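Everything numeric in this text was worked out from a predicted model, so none of it was measured. Every chain is numbered from 1, with letters handed out A, B, ... down the list of sequences.
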Amino acid sequence: MSHLNAIAVRISSFKQLTQLHAQIIQHSLHHDNYWVSVLISHCTRLCAPPSYARLIFDSSHQPNLYAFTNMLKFYSHTGAHHHVINLFQNMRLSNVMPDAFVFPILIKSMEKEAVMLHAHLIKLGHQCDRFVRNAIMYMYAKYGPIYFARKLFDEMPERMVADWNSMISGYWRWGNEVEAGSLFNIMPERNVITWTAMVTGYSKARDLVTARRYFDQMPEKNVVSWNAMLSAYSQNGFAEEAMRLLNEMVVDGVQPDETTWVAVISACADRADAKLASSLMNMLNQRSVKLNYFVKTALIDMYAKCGDLAAAKNIFEELGAYRNVVSWNAMISAHTSVGDLSSARELFDRMPSKDVVSWNSMIAGYAQNGQSTMAIELFKKMISSNHTKPDEVTMVSVISACSHLGALELGNWALNIIDENQIKLSISGYNSLIFMYSKCGSMKDAERIFHKMKTQDVISFNTLITGFAAQGDGFAAIDTMRKMKEQGFQPDRITYISVLTACSHAGLLEQGKKVFDSITNPDVDHYACMIDLLGRVGNLDEAKNLITRMPMVPHAGVYGSLLNAARIRKRIDIGEFAASHLFKIEPENSGNYVLLSNMYASMGRWGDVERIRGKMKLLGLKKATGWSYVEFDGKLHKFIVGDKAHERSNDIYKLLMELRKKMRIAGYIADKESVLRDVEEEEKEEMVGTHSEKLALCFALLVSESGAVIRIVKNLRVCWDCHEAMKIISKLEGREIIVRDNNRFHCFNDGSCSCKDYW
DNA sequence: TTAGGGTTAG
């Protein structure tokens with residue numbers, strides 16, 4: 001069969017492999033363990049689909065040690081560790097004795113069972129074999145505890161470069177930069193692998209300057225070292241540097257390989273630039289780059305991020321049997337990023353196996369598209385399925401969902417899960433917790449988390465300040481910015497926006513002016529905040545003047561602030577001025593019409609109200625409807641305007657009637673201007689049933705203990721009539737009611753609200 | 001037949 005052997009040594013593509021396979025079948029040699037082994041080892045090298053490799057393996061009626069070893073190597077190479085372990089069991093059942101070459105493969109696939117295996121190996125007498133001992137050391141370096149690896153390393157009678165390299169990459173994996181560096185410094189000789197490990201280590205530690213220094217100092221470079229540096233740039237978001245390095249590499253005469261292209265494609269993906277993507281595709285075509293499944297998966301992501309879902313889908317279909325969990329995940333996020341959650345969910349439900357990234361992609365997809373309840377539901381499913389453990393990324397999405405819902409109980413539950421699973425939080429993980437507590441109105445908890453952090457970043461400070469701003473605590477916001485500066489952090493544009501907002505909510509005109517004057521280059525958003533502040537304290541003419549003095553074109557937020565201030569102060573002239581601009585800038589936004597109409601309504605100018613409503617109707621604009629949420633018994637109860645779907649709906653409407661009666665008896669007159677008008681007539685109004693806040697409030701009154709504080713979250717602005725109703729109800733029922741709208745808190749107590757500038 | 005580079009999620 002020498003001609004088959006001659007073909008076998010020349011195989012360089014999957015197609016050639018299948019042709020050889022066909023010939024082997026023709027010669028009835030496919031049961032022969034020799035050919036089974038040869039074919040499977042080619043499968044490993046060419047990344048063939050697992051089903052194909054397994055088909056070859058299964059055609060051997062009695063696999064021998066070599067067939068088993070090659071199949072184990074294949075599974076190990078593709079990361080199918082559970083298959084490695086299963087196949088090893090089969091091997092033992094078939095009475096094939098493993099040798100010293102099998103154990104390193106097996107060890108690579110084991111995690112916690114490893115210690116037991118170590119003991120087992122000593123019994124079998126393989127302890128002294130250099131490869132086995134080395135594999136055990138590598139295993140400890142990878143899965144920990146790293147000091148076991150170090151112990152084996154120190155006990156070695158002689159150490160080769162590979163042993164040093166194992167230890168160095170092990171230390172990097174466990175984040176021990178110091179030990180990795182000191183081994184690097186004392187080792188007797190280094191090779192290109194040692195240097196590359198250092199480049200990658202510093203890259204993973206996000207220290208690109210040092211990574212580059214090691215890269216530049218390398219005595220020799222190969223394609224892998226170039227790829228390491230290129231990936232360092234790509235993974236840390238330096239697309240330009242990556243492209244520049246690719247050029248240098250080509251100029252240096254190094255031939256890029258598939259891995260090079262994967263890094264380049266993923267750098268382009270981050271830029272989300274369709275033009276760049278197509279020029280890159282041209283380059284790949286010109287060089288006739290072989291597209292393996294890594295390259296194709298990277299391309300799926302790039303097309304998805306550039307918004308070309310059809311192209312992404314094509315490549316995904318093309319992958320066929322090569323589809324793996326990563327390509328499925330890439331497709332899921334391709335769909336969530338354009339907001340197509342149902343297609344994403346369909347893929348998620350259909351995929352053959354899921355990993356933590358699959359769950360995270362889907363949960364984040366819901367969380368980022370405003371489907372917070374779905375995000376939490378899916379997370380509960382993940383926990384109860386017990387297959388995949390959540391990690392920090394999962395928890396950040398879940399906590400973000402809790403934040404948007406103001407779900408404090410669920411947020412605390414999520415925090416418990418973090419503790420139970422000992423999930424280590426990074427700065428952004430802690431920041432998401434600060435955000436959650438701020439959004440739930442627990443500034444004490446937000447500050448507690450803030451102080452628990454070893455190091456904070458600008459975002460930590462900004463999140464805390466935004467929390468104070470929502471509470472209307474201007475002084476705390478200003479004080480936090482002061483501390484931030486003392487600790488050497490430079491406030492950024494978000495910091496100033498938050499502090500100015502806080503001043504605005506608290507009516508701190510002088511302090512706000514001082515902050516505004518301290519901004520070196522105020523942008524349009526800072527002007528908007530300043531105009532909001534001037535407006536809320538009643539300096540409407542000054543606010544209008546400031547707009548004319550702005551060095552840039554005002555955006556909708558600027559006029560929106562002015563309109564809102566005009567409504568509060570009942571300044572029709574300014575309101576109509578602001579509205580006329582808004583109708584030009586964003587004709588589709590019904591909110592501006594509603595604001596203007598509310599201003600007329602609050603002054604009893606019902607003719608104008610009708611006129612504005614008529615205009616809205618003509619333009620086909622409908623008042624935006626938002627949800628109101630109440631957390632009770634570990635669940636979120638949500639209500640929309642006119643909602644009759646809730647299981648306690650009958651009781652809710654009964655209570656609403658009773659409240660109305662009480663209000664009338666207490667002397668709140670039912671004329672057009674009072675809150676009762678709305679309660680009685682809202683059913684008749686276009687699109688409007690009872691507002692969601694009122695339904696949520698009645699539900700909360702029904703289920704909560706008497707005297708307990710009531711918390712409601714509305715994802716839009718609180719309606720003016722609801723705002724009035726809440727004041728009255730807080731007095732009549734003797735209850736404290738806290739309502740969070742999209743960016744601030746209203747605390748109703750004994751007939752008044754903590755905000756003095758709202759309606 | 002031990003050591004270095006690759007795709008996806010916040």
Side-chain angles (χ1 to χ4, degrees), chain A residues 47 69 73 99-105 107-108 129-139 141-142 152 156 159-170 172 190-201 203-204 215 218 221-232 234-235 256-266 269 292-302 304-305 319 324-334 336-337 355-365 367-368 390-401 425-426 428-429 431-432:
Chain A
C47 302
T69 308
K73 263 158 67 181
D99 65 359
F101 296 142
V102 171
F103 285 107
I105 306 168
I107 290 164
K108 241 180 135 172
D129 185 89
R130 207 177 78 223
F131 294 123
V132 174
R133 191 198 51 207
N134 225 306
I136 296 171
M137 188 188 95
Y138 175 78
M139 206 263 341
K142 190 172 176 189
L152 285 169
M156 285 179 178
R159 284 175 282 268
M160 302 170 65
V161 189
D163 304 319
W164 290 88
N165 290 347
S166 285
M167 279 314 297
I168 288 176
S169 65
W172 275 119
R190 310 180 185 107
N191 61 13
V192 63
I193 296 176
T194 325
W195 285 92
T196 309
M198 294 306 279
V199 171
T200 309
S203 153
K204 295 267 151 46
F215 178 74
M218 290 174 81
K221 297 185 183 84
N222 60 16
V223 65
V224 177
S225 7
W226 282 91
N227 289 345
M229 195 63 230
L230 206 54
S231 306
S234 160
Q235 288 162 354
D257 66 4
E258 281 105 329
T259 305
T260 316
W261 295 112
V262 170
V264 172
I265 294 166
S266 108
N292 67 11
Y293 69 78
F294 275 113
V295 179
K296 284 187 178 169
T297 309
L299 283 174
I300 290 178
D301 182 50
M302 183 183 77
K305 287 195 173 126
L319 273 173
N324 63 7
V325 66
V326 179
S327 35
W328 281 91
N329 292 346
M331 280 311 283
I332 289 174
S333 53
T336 59
S337 64
D355 65 3
V356 68
V357 178
S358 326
W359 289 93
N360 290 352
S361 306
M362 200 59 232
I363 292 172
Q368 283 163 17
D391 65 6
E392 189 193 0
V393 178
T394 325
M395 298 319 293
V396 168
S397 293
V398 172
I399 289 164
S400 152
L425 293 184
S426 64
S428 67
N431 288 347
S432 71

S.K.: Heavy atoms from C-beta onward define the side chain here; which of B/dT8, B/dG5, B/dA9 lies closest to that of A/A228?
M.R.: B/dG5
S.K.: Please pick, from B/dA3, B/dG6, B/dT8, the nucleotide with the shortest atom-to-atom distance to any side-chain atom of A/V326.
M.R.: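 Ranking B/dA3, B/dG6, B/dT8 by closest atom to the A/V326 side chain puts B/dT8 first.
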S.K.: Just by distance, do the side chain of A/N360 and the backbone of A/I363 share a donor-acceptor pair under 3.5 Å?
M.R.: no
S.K.: Closest to the A/V262 side chain: B/dA9, B/dG4, B/dG6?
M.R.: B/dG6
S.K.: For a quick check of understanding: with a heavy-atom distance under 4.0 Å over all strands, which category does A/E392 fall into, base, sugar-phosphate or nothing?
M.R.: base
S.K.: Using every non-hydrogen atom in the two residues, find where A/K221 and A/V192 come nearest and quote the distance to one decimal.
M.R.: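 That would be CA-CG2, 4.4 Å.
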S.K.: Which nucleotide, B/dA9, B/dG5, B/dG4, lies nearest any side-chain atom of A/V223?
M.R.: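 The listed nucleotide nearest to A/V223's side chain is B/dG5.
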S.K.: Please confirm whether any donor atom in the side chain of A/N191 sits under 3.5 Å from an acceptor in the base of B/dG4, or the reverse.
M.R.: no
S.K.: Just the rounded figure in Å: distance from C1' of B/dG6 to CD of A/E258.
M.R.: 10 Å
S.K.: To the nearest Å, how far apart are A/N292 CG and B/dG5 C1'?
M.R.: 13 Å
S.K.: So how far is it from A/I399 CD1 to A/S432 OG, rounded to the nearest 0.5 Å?
M.R.: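 Going from the CD1 atom of A/I399 to the OG atom of A/S432 covers 4.0 Å.
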S.K.: With sugar-phosphate meaning primed atoms plus P, OP1 and OP2, does A/D391 contact a base, only sugar-phosphate, or nothing at under 4.0 Å between heavy atoms?
M.R.: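 Base, at least one base atom sits under 4.0 Å.
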S.K.: Do the two ring centres, one from A/W195 and one from A/F215, sit under 6.0 Å apart?
M.R.: no
S.K.: For the pair made of CH2 in A/W359 and P in B/dG10, what is the distance, rounded to whole Å?
M.R.: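 Result: 17 Å.
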S.K.: Do we see a donor-acceptor contact under 3.5 Å between the side chains of A/S333 and A/S361?
M.R.: no
S.K.: Rounded at 0.5 Å granularity, tell me how far CD1 in A/I168 sits from CG in A/D163.
M.R.: 11.0 Å
S.K.: Of the nucleotides B/dA9, B/dT2, B/dA3, which has the atom closest to the A/V357 side chain?
M.R.: B/dA9
S.K.: Using whole Å, what does the distance between atom P of nucleotide B/dA3 and atom CE of A/M156 come to?
M.R.: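 In whole Å, B/dA3 P and A/M156 CE are 12 Å from each other.
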S.K.: Does A/V356 reach a base, just sugar-phosphate, or nothing at all? Heavy atoms under 4.0 Å.
M.R.: nothing
S.K.: So if I take every side-chain heavy atom of A/T200 and compare against B/dG10, B/dT7, B/dG4, which nucleotide ends up nearest?
M.R.: B/dG4
S.K.: Do A/D355 and A/N329 come within less than 4.5 Å of each other through their side chains, counting heavy atoms only?
M.R.: yes
S.K.: Please evaluate the base of B/dG5 for a donor-acceptor partner in the side chain of A/D257 within a cut-off of under 3.5 Å?
M.R.: yes
S.K.: If you check the A/S166 side chain, which of B/dT8, B/dA3, B/dG4 turns out closest?
M.R.: B/dA3
S.K.: Examine B/dA9: is either OP1 or OP2 under 4.0 Å from a nitrogen or oxygen in the side chain of A/K305? Give yes or no.
M.R.: yes
S.K.: May I ask you to say what A/A263 touches in the nucleic acid, namely base, sugar-phosphate or nothing, with a heavy-atom cut-off under 4.0 Å?
M.R.: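 Here A/A263 touches no strand at all.
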S.K.: By the 4.0 Å heavy-atom rule, please label A/T259 as base, sugar-phosphate, or nothing.
M.R.: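 Base: the residue A/T259, judged by heavy atoms under 4.0 Å, touches a nucleobase.
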S.K.: Can you tell me which nucleotide in B/dG5, B/dT2, B/dT7 comes closest to the side chain of A/V224?
M.R.: B/dG5
S.K.: Tell me the interatomic distance from A/F294, atom CZ, to B/dG6, atom P, rounded to whole angstroms.
M.R.: 9 Å
S.K.: Using atom CD of A/Q368 as one end and atom C1' of B/dG10 as the other, report the distance to the nearest whole Å.
M.R.: 7 Å
S.K.: What is the separation between atom CH2 on A/W164 and atom P on B/dA3, rounded to the nearest whole Å?
M.R.: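 Between P of B/dA3 and CH2 of A/W164: 18 Å.
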S.K.: For a quick test of reading the model: is some side-chain N or O of A/Q235 closer than 4.0 Å to OP1 or OP2 of B/dG6?
M.R.: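 Yes, A/Q235 has a side-chain N/O under 4.0 Å of OP1/OP2 on B/dG6.
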S.K.: Looking only at the side chain of A/S333 (C-beta and beyond, no hydrogens), which of the listed nucleotides B/dG4, B/dA9, B/dG5 gets closest?
M.R.: B/dA9
S.K.: Which nucleotide, B/dT8, B/dA9, B/dG4, lies nearest any side-chain atom of A/A197?
M.R.: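 The nucleotide sitting nearest to the side chain is B/dG4.
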S.K.: Provide, to the nearest angstrom, the distance between the CG atom belonging to A/D163 and the P atom belonging to B/dT1.
M.R.: 17 Å
